[in-house]
Amino acid sequence: MATQQEEETVVRVPQIVQELNQTMRSGITRTKEWRMQQLRAVLKLLEDNEERITTALAKDLGKSAHEGYLTEIVQATSSCKLAMKELNKWMAPQKVPTTLITFPGKAAIIAEPLGLALIIAPWNFPFSLVIDPLIGAISAGCAVVIKPSEITPTVSSLIADLIQKYLDKKAIHVVEGGVPVATALLEQKWDKIFYTGNPKVGRIVMAAAAKHLTPVTLELGGKCPVYIDDSVDLKVSAQRICHGKWGFNCGQTCIAPDYLLVQESIVPKLVETMKDTIVQFFGEDPSKSGDLSRIVNENHFQRLSKLLDDPRTSEKIVHGGQHVKELLFIAPTIILDIPLDTPVMSDEIFGPILPIIIIKGVDEAMDVILSFPKPLAFYVFSTKKEVQERLVIGISAGGMGVNETMMHFTIPRLPFGGVGESGMGAYHGKDSFDAFSHKKAILYKGMRGDIPARFPPYTSEKKSL
Ligand code: NAD
């Protein structure tokens with residue numbers, strides 16, 4: 001059911017789209033000056049508002065100021081600086097060699113803005129998952145409508161406030177609200193839709209885009225597996241896995257480890273080392289830790305509690321399991337030796353619960369991974385080169401880490417995106433620019449010098465030329 005405010009917003013949507021289309025037609029956003037000026041403004045927005053942003057993140061998600069700064073502000077700032085540094089290069093026409101039949105001529109690829117873009121963002125990194133694609137859209141010269149997640153309302157209204165204060169109102173507009181507003185936006189004709197969120201809604205977005213043949217980038221999710229064998233340093237591995245699972249956003253991260261596939265012989269030692277690491281990170285009572293985010297809302301808390309309370313899961317808990325509704329707190333939880341047909345293994349967990357599946361070796365691990373849709377990320381912990389290679393080549397995933405979790409995300413020159421059910425298209429760095437650009441192929445010719453063989457009549461002598 002739409003709120004009154006959402007109903008009012010829905011009515012305004014066609015007008016907003018019409019105004020931004022007019023801006024797009026004026027050509028202002030295509031200029032290098034406009035793009036640079038807006039990128040500078042994004043940077044200033046980030047520099048001026050660190051405290052407001054981290055406070056809003058703490059209110060909506062219980063994120064510590066340190067985590068909020070690191071995962072949302074630093075990420076967006078480095079994307080913005082890279083775009084400012086490389087914009088000239090990205091915008092420059094790329095010359096390509098011509099052919100005999102086009103001689104004398106020149107050929108080039110010109111990146112042109114796709115046009116008016118819609119960015120729909122989720123709640124888990126509610127700030128950077130708006131700003132990062134926005135940087136791509138601005139760099140490419142697009143006008144933009146942004147729809148932040150309604151599940152993180154403090155961040156959503158902060159984004160609306162900051163964007164209208166710092167950026168060009170005629171070209172960049174924030175529309176707040178939930179599903180009714182998103183639905184109304186998706187009914188409009190866009191030149192590009194950039195959606196981040198769950199695969200179920202991804203399908204709705206793609207169906208809406210298909211009506212207008214609008215290109216989409218879908219940044220989705222899924223179950224991200226971790227493979228660990230007996231060749232690794234368990235302490236180092238446990239630290240990197242626990243950091244990826246619980247260190248950011250309490251497991252509510254699209255590329256957080258979802259489940260572990262652990263070689264039989266190291267299971268007891270790995271579990272003990274992970275338990276120690278959890279205590280080292282969050283203390284004996286993690287509910288008192290300021291470094292462990294909370295579950296975003298009661299709906300998600302109930303969803304995760306149901307997984308924990310399932311008898312087939314609860315009897316397998318070897319660490320954690322505590323959950324307190326009033327605090328929206330769920331402890332870092334390890335579940336050992338879980339059958340694949342339990343509910344915790346059916347969907348992306350997106351929370352602090354970590355199942356361990358015991359395997360004999362690489363073949364069995366591959367069988368399990370391949371029984372699920374292609375993941376957004378896959379992590380391999382092994383120092384054996386042949387195992388690394390086999391899994392790098394044998395498993396399709398959006399991205400991979402070898403002896404690491406999550407950190408590939410921080411390298412701006414690596415494309416970030418899914419494959420299969422975990423998404424389509426990619427962004428970050430130049431890929432963000434490309435996501436909002438069309439590569440226009442151009443052949444420039446003068447008035448002289450055509451090769452006669454191209455014109456009819458097509459005689460046999462001409463064929464041999
Ligand atoms: P969410 O509930 O905030 O939804 C995302 C956006 O979709 C919101 O703006 C929401 O208003 C909109 N939406 C929801 N239902 C809709 C509908 N029926 N029609 C149109 N729009 C609708 O966030 P979420 O989907 O719960 O986010 C978590 C998911 O996102 C996880 O699956 C996670 O893996 C994925 N994710 C992916 C990435 C990535 O970069 N690939 C990043 C973060 C999260």
Side-chain angles (χ1 to χ4, degrees), residues 1-3 6 9-10 13 60-61 71-72 75 79 118-133 136 145-153 155-156 159-160 174-188 190 193-209 216-224 248-258 295-297 299-301 303-304 347-351 372-377 397-399 406 408-410 414-428 431-432 435:
M1 259 277 281
T3 62
E6 283 176 327
T9 307
V10 165
V13 162
D60 285 342
L61 287 152
T71 59
E72 307 234 28
Q75 180 67 30
S79 293
L118 172 64
I119 295 173
I120 301 181
W123 53 265
N124 64 329
F125 290 90
F127 186 77
S128 64
L129 293 178
V130 163
I131 301 295
D132 232 343
V145 168
I146 294 161
K147 216 294 283 163
S149 178
E150 71 283 12
I151 291 180
T152 37
V155 177
S156 174
I159 288 171
V174 178
V175 176
E176 289 189 89
V179 177
V181 172
T183 307
L185 286 167
L186 287 171
E187 280 163 10
Q188 300 294 310
W190 304 92
I193 301 177
F194 188 106
Y195 167 79
T196 309
N198 68 72
K200 215 164 110 196
V201 175
R203 287 175 169 82
I204 295 173
V205 171
M206 197 163 167
V216 290
T217 297
L218 300 177
E219 294 283 336
L220 310 177
K223 289 182 93 60
C224 300
F248 291 140
N249 223 11
C250 201
Q252 303 166 106
T253 305
C254 55
I255 50 171
D258 188 275
I295 305 307
V296 67
N297 61 19
N299 282 346
H300 282 276
F301 180 87
R303 177 182 65 79
L304 291 161
D347 278 319
E348 181 183 6
I349 295 169
F350 219 58
F372 291 101
K374 293 177 182 177
L376 184 61
M406 304 262 280
H408 62 296
F409 173 84
T410 63
L414 282 180
F416 186 81
V419 57
E421 283 202 29
S422 57
M424 65 179 70
Y427 74 132
H428 285 190
D431 288 289
S432 293

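Bear in mind the structure is a predicted one, so any value in this text is a computation, not a measurement. We count ligands from 1, going down the list as the structure has it; atoms in each ligand are counted the same way.
Between Ser156 and Ser149 the shortest heavy-atom distance is CB-O, 3.7 Å. Between Glu219 and Gly425 the shortest heavy-atom distance is OE2-O, 4.0 Å. The minimum heavy-atom distance between Ala121 and Val130, with the atom names listed, is CB-CG2, 3.5 Å. In this structure, Lys147 and Leu185 approach most closely via the heavy-atom pair CG-CD1, 3.2 Å. Between Ile120 and Leu186, the shortest heavy-atom contact is CD1-CD2, 4.0 Å. Between Asp258 and Lys223, the closest heavy-atom pair is OD1-NZ, 2.6 Å.
Atom-to-atom distance recorded for Phe409:CZ and Phe248:CZ is 9.5 Å, nearest 0.5 angstrom. Here Leu118 contributes atom CG and Trp190 contributes atom CH2; the two are 4.5 Å apart, rounded to the nearest 0.5 Å. For the atom pair Phe416 CZ and Ser79 OG, the distance stands at 11.5 Å (nearest 0.5 Å). With rounding to the nearest 0.5 Å, the separation of CG in Asn124 from CG in Leu61 is 8.0 Å. The line from CD of Glu72 to CD1 of Ile131 is 10.0 Å long, rounded to the nearest 0.5 Å.
The contact set between ligand 1 and Leu186, taken as ligand atoms under 4.0 Å from a residue heavy atom, comprises 20 (C). Each of the following atoms of ligand 1 lies closer than 4.0 Å to a heavy atom of Glu219: 37 (C), 38 (C), 39 (C), 40 (O), 41 (N). Atoms of ligand 1 found under 4.0 Å from any heavy atom of Thr196 (numbered from 1 in listed order, with element): 5 (C), 37 (C), 38 (C), 39 (C), 40 (O), 42 (C), 43 (C).
Of the heavy atoms in Val181, none comes closer than 4.0 Å to ligand 1. Contact annotation for Leu129 and ligand 1: only side-chain heavy atoms (C-beta onward) come within less than 4.0 Å of the ligand. Contact annotation: for Ile120 versus ligand 1, heavy atoms closer than 4.0 Å belong to the side chain alone. The proximity of Ala121 to ligand 1, defined as any non-hydrogen pair under 4.0 Å, is limited to the backbone. Only side-chain heavy atoms of Leu376 come within less than 4.0 Å of ligand 1; its backbone N, CA, C and O stay farther off. Under 4.0 angstrom from ligand 1, the non-hydrogen atoms of Asn124 all belong to its side chain.
When only non-hydrogen protein atoms are considered, atom 36 (N) of ligand 1 lies nearest to Cys254 CB, 3.5 Å. Atom 25 (O) of ligand 1 has Asn198 ND2, 2.6 Å as its closest protein atom, hydrogens excluded (heavy atom only). Of the protein's heavy atoms, Pro122 CB, 3.6 Å lies nearest to atom 27 (O) of ligand 1. In terms of protein heavy-atom proximity, atom 2 (O) of ligand 1 is closest to Ile151 CD1, 3.4 Å. In terms of protein heavy atoms, atom 17 (C) of ligand 1 is closest to Val179 CG1, 3.7 Å. Looking only at heavy atoms of the protein, atom 20 (C) of ligand 1 is closest to Ala182 CB, 3.6 Å.
The shortest separation from a heavy atom of Phe416 to ligand 1 is under 4.0 Å, placing the residue in contact. The shortest heavy-atom distance from Gly423 to ligand 1 is not under 4.0 Å.
Checked by distance only, ligand 1 and Gly197 come closer than 3.5 Å through their nitrogen or oxygen atoms. Taking only nitrogen or oxygen atoms, main chain and side chain alike, Ser149 reaches within less than 3.5 Å of ligand 1. At under 3.5 Å, a nitrogen or oxygen of Lys147, whether backbone or side chain, sits near a nitrogen or oxygen of ligand 1. Of the N or O atoms in Glu348, one or more lie within a sub-3.5 Å distance of an N or O in ligand 1.
In this comparison of Gln252, His428, Glu150, Lys223, the heavy atom closest to atom 11 (O) of ligand 1 sits on Glu150. With atom 33 (C) of ligand 1 as the reference point, the heavy atom nearest to it among Tyr195, Trp123, Phe350, Phe409 is part of Phe350. Between Leu220, Leu218, Val201, it is Val201 that holds the heavy atom closest to atom 22 (C) of ligand 1.
Legend: residues meeting ring pair (Phe, Tyr, Trp, His ring centres under 6.0 Å) with Phe350, ordered by chain and number and at least two apart, are Trp123.
Pro122 is listed as a side-chain neighbour of Leu129, based on a closest heavy-atom distance under 4.5 Å. When side chains are defined from C-beta on, His428 counts as touching Asp132, because their heavy atoms get closer than 4.5 Å.
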